[in-house]
Amino acid sequence: MSIDRAILFRLATSDVVERVVRAVPRGEDLAWRAASRYVPGTAAADAVRVAGELHARGVAASIDQFGELVDDTLVASRVADDYLRLADDLAGLPQDVWLAVDLSHLGLDVDPTGCADRLAAIAQALPEGRRIQVGGEDHARADAVLKCVLDVADRGMADRLGATVQANMHRTPDDMERLLEAGVHIRLVKGAYLESPGRALPYGEPTDVAFMRLAHRLAAAHAPFVLATHDGVLREALLTALGPVPVEQLLGVRPEMLNDLVARGVPVRVYVPFGHNWFRYWMRRVAESRGA
């Protein structure tokens with residue numbers, strides 16, 4: 001990752017930047033106007049509405065409630081309750097609507113055992129045929145995230161889980177083999193966290209090559225997976241090689257591609273987040289677009 005890109009990502013997660021923007025007259029309103037491209041709103045109903053609109057276009061959706069780095073088990077329990085309500089709501093939504101979550105939002109950092117229990121409860125509450133996709137987090141949490149997903153899969157819920165694997169991390173090939181053995185659905189991403197060279201490949205060609213190798217491994221294993229990238233060259237190379245395998249995009253990022261992919265018979269899923277903690281998510285989207 002270049003120095004410029006690293007600076008952009010640090011700014012995107014800065015409390016100071018957020019406070020300054022919100023303090024400027026009309027700053028928050030202007031920020032929300034820009035962020036609304038990527039975020040349908042602050043309430044679950046906003047995400048549900050967009051998921052329905054996507055379904056009408058032949059596009060699946062994964063709904064996520066913003067939040068991470070929870071350090072209070074009571075807060076984590078409330079978050080789990082929110083997700084249990086979302087799981088119930090899925091019964092009235094199209095079959096292709098799933099959920100998504102970051103495990104640090106469920107208290108992974110302070111209560112790993114309880115986090116696994118909360119994830120299991122949500123997975124158990126899902127209607128038949130649905131999944132909850134677990135997001136990728138930084139290298140420091142990678143082992144705990146993997147253990148939690150495998151724990152819940154071992155409880156007989158592998159078919160209700162998705163795991164995110166980050167192509168840039170050196171540990172990912174071994175992690176992915178364990179997830180394949182467990183039968184968990186895999187979302188393959190490049191990886192966006194700032195990591196040291198000893199933990200991750202540099203951004204650019206080394207990560208792209210790793211992404212391609214992992215995608216071919218998933219296809220060879222006949223595993224359920226999705227290619228989550230907006231890199232058109234990489235995506236098209238893999239679609240040419242592997243056929244119309246599923247792809248995933250973020251809401252608002254290169255939306256013009258959705259109709260084209262659907263018309264070509266490529267299954268498409270869109271990540272649809274909602275909640276009050278939208279500012280940093282929007283800043284990350286800005287950083288990625290400027291640093292690509």
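Computed over heavy atoms, backbone and side chain alike; hydrogens, waters and symmetry mates excluded.
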_side chain to side chain contact (heavy atoms under 4.5 Å, CB included) between Gln133 and Glu248, intermediate numbers included_ = CA-CA 12 Å; Gln133 294 175 303; Glu248 182 172 325; 3.3 Å; yes
*Quick one: do Arg187 and Thr164 satisfy side-chain hydrogen bond (donor to acceptor under 3.5 Å, both in side chains)? Show the steps, please.*
CA-CA 5 Å; Arg187 173 206 277 150; Thr164 300; 2.7 Å; yes
*asked:* Checking Arg213 against Asp208 for the salt bridge (Lys or Arg N to Asp or Glu O under 4.0 Å) test, could you report, in this order, the C-alpha distance in whole Å, the side-chain angles of both residues, the deciding distance, and whether it holds?
replied: CA-CA 9 Å; Arg213 286 174 175 165; Asp208 292 351; over 6 Å; no
*Worked verdict on Asp64 versus Tyr83 for side-chain hydrogen bond (donor to acceptor under 3.5 Å, both in side chains)*: CA-CA 9 Å; Asp64 188 7; Tyr83 270 92; 2.6 Å; yes
*Val48 and Val97: side chain to side chain contact (heavy atoms under 4.5 Å, CB included), yes or no, with the steps?*
CA-CA 9 Å; Val48 167; Val97 179; over 6 Å; no
_Worked verdict on Val165 versus Asp175 for side chain to side chain contact (heavy atoms under 4.5 Å, CB included)_ = CA-CA 8 Å; Val165 299; Asp175 289 351; 5.5 Å; no
*asked:* Run Arg160 and Glu128 through side chain to side chain contact (heavy atoms under 4.5 Å, CB included) and show every step you take.
replied: CA-CA 8 Å; Arg160 294 169 177 256; Glu128 193 70 27; 3.4 Å; yes
*Output, in order, the C-alpha distance, side-chain angles, deciding distance and verdict of salt bridge (Lys or Arg N to Asp or Glu O under 4.0 Å) for Glu236 and Arg264.*
CA-CA 12 Å; Glu236 292 304 316; Arg264 290 158 53 195; 2.6 Å; yes
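The pair Arg78-Asp82 fails the salt-bridge criterion, with no side-chain N (NZ, NE, NH1 or NH2) lying under 4.0 Å from an Asp/Glu carboxylate O. Ionic pairing of Lys147 and Asp143 is present here: one or more N-O contacts between side-chain nitrogen and carboxylate oxygen are shorter than 4.0 angstrom. Checked for salt-bridge contact, Glu68 and Arg141 miss the test: no charged N lies under 4.0 Å from a carboxylate O. One finds a salt bridge joining Glu53 and Arg49 here, because a Lys/Arg side-chain nitrogen approaches an Asp/Glu carboxylate oxygen to under 4.0 Å. At a threshold of 4.0 Å, the pair Asp96-Arg269 does not count as salt-bridged, since none of the basic side-chain nitrogens sits closer than that to a carboxylate oxygen.
Met169 and Leu150 sit in two unconnected hydrophobic clusters of ILVMFWY residues. Membership requires side-chain heavy atoms under 4.5 Å apart, directly or through other members. Phe225 and Val189 sit in two unconnected hydrophobic clusters of ILVMFWY residues. Membership requires side-chain heavy atoms under 4.5 Å apart, directly or through other members. Hydrophobic clustering (ILVMFWY, side-chain heavy atoms < 4.5 Å, transitive): Val152 and Leu146 are in one cluster. Under the 4.5 Å side-chain contact rule for hydrophobic residues, Val50 and Val262 share a cluster. Using a 4.5 Å cut-off between side-chain heavy atoms of Ile, Leu, Val, Met, Phe, Trp and Tyr, with links allowed through other members, Leu84 and Met157 fall into the same hydrophobic cluster.
In this structure, the side chains of Leu251 and Pro40 come closer than 4.5 Å at one or more pairs of heavy atoms. Residues Leu227 and Pro246 form no side-chain contact, since every pair of their non-hydrogen atoms from C-beta on lies 4.5 Å or further apart. Looking at Val245 and Val266, their side chains never come closer than 4.5 Å, going by heavy atoms from C-beta outward. In this structure, the side chains of Val253 and Tyr38 come closer than 4.5 Å at one or more pairs of heavy atoms. Side-chain contact between Phe274 and Ile63 is present, with heavy atoms from C-beta onward closer than 4.5 Å. Counting heavy atoms from C-beta on, the side chains of Gln124 and Arg155 never come closer than 4.5 Å. In this structure the side chain of Val268 never reaches within 4.5 angstrom of the side chain of Arg57, judged on heavy atoms. With contacts defined as side-chain heavy-atom distances shorter than 4.5 Å, the pair Val101/Ile122 does not qualify.
Across every non-hydrogen atom of Leu214 and Thr172, the tightest pair is CD1-CG2, 3.8 Å. Across every non-hydrogen atom of Ala210 and Ala167, the tightest pair is CB-O, 3.5 Å. In terms of heavy-atom proximity, Gly107 sits nearest to Cys115 at C-CB, 4.2 Å. Nearest heavy atoms, Ala215 versus Leu188: N-CD2, 3.7 Å. Closest approach of Pro202 to Thr207, counting heavy atoms only: O-OG1, 2.9 Å. Contact detail for Val149 and Ala163: the closest heavy-atom pair is CG1-CB, 4.2 Å.
Residue Arg171 places its CZ atom among more than 12 non-hydrogen atoms of other residues, nucleotides or ligands, all under 6.0 Å distant. The number of heavy atoms from other shown groups lying within 6.0 Å of CD (Glu205) does not exceed 12. No more than 12 heavy atoms of other residues, nucleotides or ligands shown are found within 6.0 angstrom of CZ on Arg33. More than 12 heavy atoms of other shown residues, nucleotides or ligands fall within 6.0 angstrom of atom CD in Gln95.
The backbone N or O of His105 lies less than 3.5 Å from no partner atom in the side chain of Asp102, so there is not a single donor-acceptor pair. Ser62 places no side-chain N or O within donor-acceptor distance of the main-chain N or O of Leu99, the cut-off being under 3.5 Å. Judged purely by atom type and a 3.5 angstrom limit, Arg130 uses its side chain to pair as donor or acceptor with the backbone of Leu90. Panel note: side chain His230, backbone Leu250; a donor-acceptor pair is recorded below 3.5 Å. Using a distance-only test at 3.5 Å, with no hydrogens or angles considered, a donor-acceptor pair links the side chain of Glu137 to the main chain of Leu103. Side chain of Asp46 to backbone of Thr42: a donor-acceptor contact under 3.5 angstrom is found.
Here CG of Leu86 is found 6.5 Å from CD of Gln65. Values are rounded to the nearest 0.5 Å. Taking NE2 from His185 and CZ from Arg131, the interatomic distance works out to 5.5 Å, rounded to the nearest 0.5 Å. Here Leu234 contributes atom CG and Met212 contributes atom CE; the two are 6.0 Å apart, rounded to the nearest 0.5 Å. The distance from the CG atom of Leu201 to the CG atom of Asn168 is 6.5 Å, given to the nearest 0.5 Å. In this structure, the separation between CE on Met176 and CG on Leu179 is 8.5 Å, given to the nearest 0.5 Å. The distance from the CG atom of Leu239 to the CG atom of Leu261 is 7.0 Å, given to the nearest 0.5 Å.
Not less than 6.0 angstrom separates the ring centroid of Trp32 from the ring centroid of Trp282.
By the 30° and 60° cut-offs, the orientation of the rings of Tyr271 relative to Tyr281 is tilted.
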